[in-house]
Amino acid sequence: MTVKDEHINDFVTMMVKNAKITKEIEEGCLRFDVLKQDGNQNNFAFVEVYKDGPAVGAHFSGEAFKEWSEKKLTYLESPESTVVYESVEYTP
């Protein structure tokens, strides 16, 4: 996702806080990383891993997600995209 220049600092502050809170209070959240593209200060991605579908649902009803939903239209150049992946069992 691309963040508007004037909102980068507020976006980073909010999302680092939200990721930390999510990992601490949502027991179904296994991972929540906020990533910035190397060489482009405006491009970010989230990598979120949840235990199961109910954990994702709990996240969507949590305070951190609500804050993100309220502010993303202000912070982003365009709507973000979401891609959902499933775990793959690997046995060498």
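Side chains included, hydrogens not; waters and symmetry mates left out as well; all remaining heavy atoms used.
Smallest separation of non-hydrogen atoms from Thr74 and Lys4: O-NZ, 3.2 Å. Nearest heavy atoms, Val34 versus Phe44: CG1-CD2, 4.5 Å. Asn43 and Gln37 make their closest contact through ND2-OE1, 2.7 Å (heavy atoms, listed as atom of the first residue, atom of the second, distance).
Shown here are the salt bridge (Lys or Arg N to Asp or Glu O under 4.0 Å) partners of Glu70, two or more places apart in sequence or in another chain: there are none. When the side-chain contact (heavy atoms from CB on, under 4.5 Å) test is applied to Val16, the partners found at least two apart in sequence or on another chain are Val12.
The structure places OG1 of Thr22 at 10.0 Å from CZ of Phe65, a figure rounded to the nearest 0.5 Å. Distance NE2/His7 to CG/Asn9: 11.0 Å, rounded to 0.5 Å.
Under a 4.5 Å side-chain heavy-atom criterion applied to ILVMFWY residues, the cluster that includes Val49 comprises Leu30 as well.
The salt bridge (Lys or Arg N to Asp or Glu O under 4.0 Å) pairs that include a residue from residues 51-69 are Lys17-Glu67, Glu63-Lys66, Glu67-Lys71, where partners are two or more places apart or lie in different chains. Among residue pairs with one or both ends in residues 25-37, those qualifying as salt bridge (Lys or Arg N to Asp or Glu O under 4.0 Å) are Arg31-Asp33; sequence neighbours excluded. Counting only residues at least two apart or on different chains, the side chain to side chain donor-acceptor pair (under 3.5 Å) pairs with a member in residues 76-89 are Lys72-Glu80.
The aromatic rings of His59 and Tyr50 lie tilted to each other, with the angle between the two planes from 30° to 60°. Ring pair Phe46/Phe32 is tilted by interplanar angle, where 30° to 60° counts as tilted.
For CG of Asp38, the number of neighbouring non-hydrogen atoms (other residues, nucleotides, ligands) closer than 6.0 Å is 12 at most.
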